[in-house]
**Q** 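Pasting a structure here, questions to come.
Every chain is numbered from 1 and lettered A, B, ... according to where its sequence line falls, protein lines coming before strand lines. None of these values were measured; they are calculated from a predicted model.
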Number of protein chains: 2
Amino acid sequence: MRQPATTARATTSGAPGNVADVRKANLARVLSVIAAAGEDERLSRADIAQLSQLTKASVSSLVTDLLAAGLVTEIGVHRDGERGRPSVGLVLNPARCVLGMEINVDYIAAGLVDLSGKLLAHEVLPRANHSSTASEVLAALGELSQRLQAAAQAQGLMILGGGLAVPGLVNEEHFTVLQAPNLGWVQQELDVAALLPEPKTRFRLFNEANASALAQQQLMDAQENDFLFVSGEVGIGGGLIIDAELFVGPQGHAGELGHVVIAPDGKTCSCGGRGCLETVAGQEAILAAANLGAGVDSAPRQERISQLYQALEAGEEPALSAVSEAGKSLGIAVASALRLYNVSTVVFGGHFAALEQWMRPAMEASLQVHAPSIAGQARLLCSTLGQTGALVGAARSVVGDLLEAPYQLVD
Amino acid sequence: MRQPATTARATTSGAPGNVADVRKANLARVLSVIAAAGEDERLSRADIAQLSQLTKASVSSLVTDLLAAGLVTEIGVHRDGERGRPSVGLVLNPARCVLGMEINVDYIAAGLVDLSGKLLAHEVLPRANHSSTASEVLAALGELSQRLQAAAQAQGLMILGGGLAVPGLVNEEHFTVLQAPNLGWVQQELDVAALLPEPKTRFRLFNEANASALAQQQLMDAQENDFLFVSGEVGIGGGLIIDAELFVGPQGHAGELGHVVIAPDGKTCSCGGRGCLETVAGQEAILAAANLGAGVDSAPRQERISQLYQALEAGEEPALSAVSEAGKSLGIAVASALRLYNVSTVVFGGHFAALEQWMRPAMEASLQVHAPSIAGQARLLCSTLGQTGALVGAARSVVGDLLEAPYQLVD
DNA sequence: CCATATAGTTCAGGACATAAACTAAATGGT
DNA sequence: ACCATTTAGTTTATGTCCTGAACTATATGG
């Protein structure tokens with residue numbers, strides 16, 4: 001009548017719960033305490049014992065393993081006029097990192113993220129990806145990845161894994177992109193091996209909005225464990241963080257706000273549906289409503305977007321009402337989503353963040369009209385994530401996996 | 001940067017991961033294997049060892065504890081011409097049960113549910129709860145509960161806990177009902193102690209739709225671990241099952257489909273918003289659209305509902321179009337919800353199930369229009385849960401908790 | 001130079017799961 | 001009647017891991 005109890009599943013995916021599992025859990029526990037402290041705190045073994053509620057003896061033993069695995073390093077003694085034996089600081093090994101990558105419509109990007117989540121190096125390469133084949137794009141990304149791998153080696157950094165974010169629906173298990181309409185990809189298998197150095201400890205594939213949501217998480221207050229990230233790009237994506245974890249739903253595509261119905265009698269969407277949010281608040285929809293739509297001999301999107309901002313700055317119609325209509329629709333979709341997820345914080349990213357000043361009033365008004373009882377307590381924020389958001393989020397999530405399963409690296 | 005790792009949290013909510021936790025996990029594992037087998041299979045210790053991937057020795061020891069805790073009982077040897085020492089069957093103790101209760105608009109109900117999830121006894125008491133005070137309702141439920149407790153005692157059943165479902169938003173931790181507009185409750189604290197015998201091992205409070213979703217889970221195929229249950233009562237509620245677990249969101253109110261916006265320019269809802277699903281597909285909304293609305297001297301709702309069915313059977317307008325409009329709106333809300341949750345099965349309960357034959361065509365058409373890409377693979381079912389659904393679901397969930405944490409009962 | 005204080009390690013002890021040996025209780029052939 | 005065979009369940013020796021207490025290491029300050 002029930003699934004195997006969660007506790008049992010937590011041990012090691014179905015394996016019998018034996019004494020060794022306790023160590024796995026405690027390795028992760030110690031590591032999470034170290035990670036939570038941040039890099040400047042330099043916790044001692046004694047501190048960790050207190051924070052983790054383990055004994056000094058256990059912590060000592062566990063830390064020995066983590067040091068051997070290269071996940072943690074000891075750092076110079078920190079003395080400031082206190083009695084007693086000086087403590088030895090422990091921090092996440094700064095010489096380990098994860099490769100984060102992103103393929104988007106107008107660029108590819110890659111970067112190195114260390115175990116504390118810090119972006120050490122990155123490179124963004126503008127590239128018209130929708131006008132070349134998937135394998136060309138992947139080849140270009142492979143080259144970019146090679147450059148960053150070389151950079152890592154030059155700095156003595158060991159790459160432990162990688163994460164890739166793409167603007168579309170992904171199947172993480174099979175490393176396939178199911179749909180990425182804005183890239184022109186329909187069913188694309190990714191050659192993961194070409195992107196990472198051997199032996200690749202871990203590779204994960206992310207939807208761009210989900211990866212951005214994970215990156216956004218680092219910028220939020222520590223208590224803010226639940227929020228919806230709405231990514232306004234060519235399409236409108238969403239990433240949902242529940243209880244500090246990414247919620248992706250049964251097939252991994254939850255949070256997709258772009259196809260929430262906001263106007264039953266609205267326009268037909270690229271998904272075939274009618275009245276989706278994307279038909280009013282997607283980039284092309286806004287541009288079209290502002291008389292800057294894609295046409296036979298229209299300018300490239302980036303240029304038309306610049307024109308949109310110029311028009312907005314100048315206070316011109318129909319740009320203003322195009323954006324305001326988008327805001328109104330966004331408010332409707334957000335009202336429904338907040339209700340369904342029971343989340344009260346929304347973070348807007350991508351063009352929604354950039355359009356904030358023109359869009360927010362309409363969106364807030366719309367939320368007030370359609371969900372007055374939650375409008376008051378809802379926190380509507382705009383993200384400050386830049387172009388590296390998605391790759392950082394993808395990498396950081398892989399880092400999180402590594403830190404949650406350190407026993408994989410302890411021999 | 002991260003919450004304490006899930007694995008660590010799973011041990012025992014923050015307690016240090018020590019060897020004793022392994023036993024807790026394995027007690028639960030053994031119990032879940034026994035529960036999963038159902039009552040007719042009568043697994044032997046050897047069977048359990050195989051299914052749980054634990055050794056015979058461990059299972060023997062664990063079963064000894066479970067027998068001592070009274071969660072499991074041995075059942076007569078089962079022989080049918082096979083060689084070898086006969087096995088001793090193990091089943092969930094049939095002499096243990098949980099008290100399930102429900103308060104709804106038109107009735108109160110209570111029942112006894114055993115550890116296998118079977119409803120052993122129940123009583124439904126029609127009662128116009130909206131026209132009496134909360135404490136009167138609770139007193140009546142207390143009496144009902146007393147009767148079932150007496151019945152349990154008469155049958156030698158020990159009550160291990162209880163669950164109560166109410167049609168409104170609840171705060172499980174504080175045992176308060178935040179909103180139950182259809183009961184006329186605004187902020188109501190529940191005196192839990194009065195409802196259960198001492199010592200109450202466990203008491204939980206549920207939203208009615210969530211409880212029904214949990215009950216529905218038992219009726220689904222074993223693989224169907226993800227679905228949205230939509231409860232059409234006076235209000236429209238929802239319960240979301242993800243990965244075989246109830247998903248309630250950060251504040252515990254996720255899944256509420258009733259206030260999804262399906263018509264931006266629609267009617268004003270009781271929640272203050274505009275165009276909520278409930279303004280078209282709620283019981284009163286349907287009745288009003290069928291010219292059977294509540295008025296100064298209108299008949300009681302139950303009677304008007306009967307009139308609605310008569311009109312539908314007779315194929316009369318405006319009843320038919322009222323229901324069809326409701327179906328259309330329901331399709332829109334479901335389209336958005338399926339997208340946001342990435343779930344592909346929906347189960348309709350309450351009046352939606354009863355209205356199926358008149359409502360389904362419009363709903364399916366609407367889903368096809370607004371989400372053609374998922375309409376094909378979506379499974380739309382109608383529930384066969386009766387009036388006892390919510391109380392069974394609430395009780396079953398408490399049973400699940402007990403089975404997942406058997407160490408609480410092992411001395 | 002020694003009392004004091006704090007950090008970290010060592011060691012005996014206990015709880016568990018495991019594997020293998022062992023006991024228990026049936027069937028079936030001779 | 002007897003014994004080989006088969007399966008169920010228990011006992012025992014072993015190893016892992018955490019724990020608490022004793023112990024070592026290394027600083028400060030009078």
**Q** If you look at every strand shown and take non-hydrogen atoms under 4.0 Å, does A/Ser58 touch a base, only sugar-phosphate, or nothing?
**A**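 Base contact.
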**Q** Using heavy-atom distances to pick each residue's nearest nucleotide on DNA chain C, tell me which of A/Lys56 and A/Val19 is more 5'.
**A**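 Comparing both residues, the 5'-ward one is A/Lys56.
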**Q** Starting from the C-alpha separation in whole Å, work towards a yes-or-no answer on side chain to side chain contact (heavy atoms under 4.5 Å, CB included) for B/Leu120 and B/Leu157.
**A** CA-CA 10 Å; B/Leu120 301 175; B/Leu157 289 168; 3.8 Å; yes
**Q** Output the rounded distance in Å from CG (B/Asn26) to C1' (C/dT18).
**A**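 In whole Å, C/dT18 C1' and B/Asn26 CG are 12 Å from each other.
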**Q** Can you tell me how the ring of A/Phe175 sits relative to the ring of A/Phe203, calling it parallel under 30°, perpendicular over 60° and tilted otherwise?
**A** perpendicular
**Q** Please determine if a side-chain N or O atom of B/Ser44 lies less than 4.0 Å away from the OP1 or OP2 oxygen of D/dG9.
**A**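 Result: yes.
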**Q** Checking contacts here: which listed nucleotide (D/dA8, D/dT19, C/dT18) is nearest the side-chain heavy atoms of B/Ser87?
**A**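 My answer, after comparing the listed nucleotides, is D/dA8.
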**Q** Can you tell me the distance, in whole Å, between the NZ atom of A/Lys24 and the C1' atom of D/dT16?
**A** 13 Å
**Q** Counting any heavy atom closer than 4.0 Å, what does B/Val88 reach on the DNA or RNA strands: base, sugar-phosphate only, or nothing?
**A** sugar-phosphate
**Q** In terms of side-chain heavy atoms, does A/Ser87 have a donor or acceptor partner in A/Arg42 at a distance below 3.5 Å?
**A** no
**Q** For the pair made of CG in A/Asp21 and C1' in D/dC18, what is the distance, rounded to whole Å?
**A**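 Between C1' of D/dC18 and CG of A/Asp21: 14 Å.
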**Q** Can you check the B/Asn18 CG to D/dG20 P distance for me, whole Å?
**A** 9 Å
**Q** Take B/Glu404 and B/Lys24 through the test salt bridge (charged side-chain N to carboxylate O under 4.0 Å, His left out) and record every step on the way to the result.
**A** CA-CA 9 Å; B/Glu404 277 180 22; B/Lys24 293 180 187 175; over 6 Å; no
**Q** How long is the line joining CZ of A/Arg83 and C1' of D/dG30, in whole Å?
**A**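 From A/Arg83 CZ to D/dG30 C1': 8 Å.
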**Q** Separation of B/Ile48 atom CD1 from D/dG9 atom P, in whole Å?
**A**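 These atoms are roughly 9 Å apart.
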**Q** Contact class for B/Ala57 vs. all strands (heavy atom < 4.0 Å): base, sugar-phosphate, or nothing?
**A**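 Base contact.
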**Q** In whole angstroms, how far is the P atom of D/dT19 from the CD atom of A/Gln53?
**A**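 So the two atoms are 10 Å apart, to the nearest Å.
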**Q** Per the atom types in the model, does the base of D/dA8 pair as donor or acceptor with the side chain of B/Arg85 at under 3.5 Å?
**A** yes
**Q** One pair to check against side-chain hydrogen bond (donor to acceptor under 3.5 Å, both in side chains): A/Ser58 and A/Thr55. What are the steps and the verdict?
**A** CA-CA 5 Å; A/Ser58 302; A/Thr55 60; 2.9 Å; yes
**Q** Compare the minimum distances between each of D/dA8, D/dT19, C/dA26 and the side chain of B/Pro86, then state the nucleotide with the smallest one.
**A**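 Minimum distance to the B/Pro86 side chain belongs to C/dA26.
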**Q** Check the distance between D/dC17's C1' and A/Asp65's CG and give it to me in whole angstrom.
**A**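 Taking CG of A/Asp65 and C1' of D/dC17, I get 12 Å after rounding.
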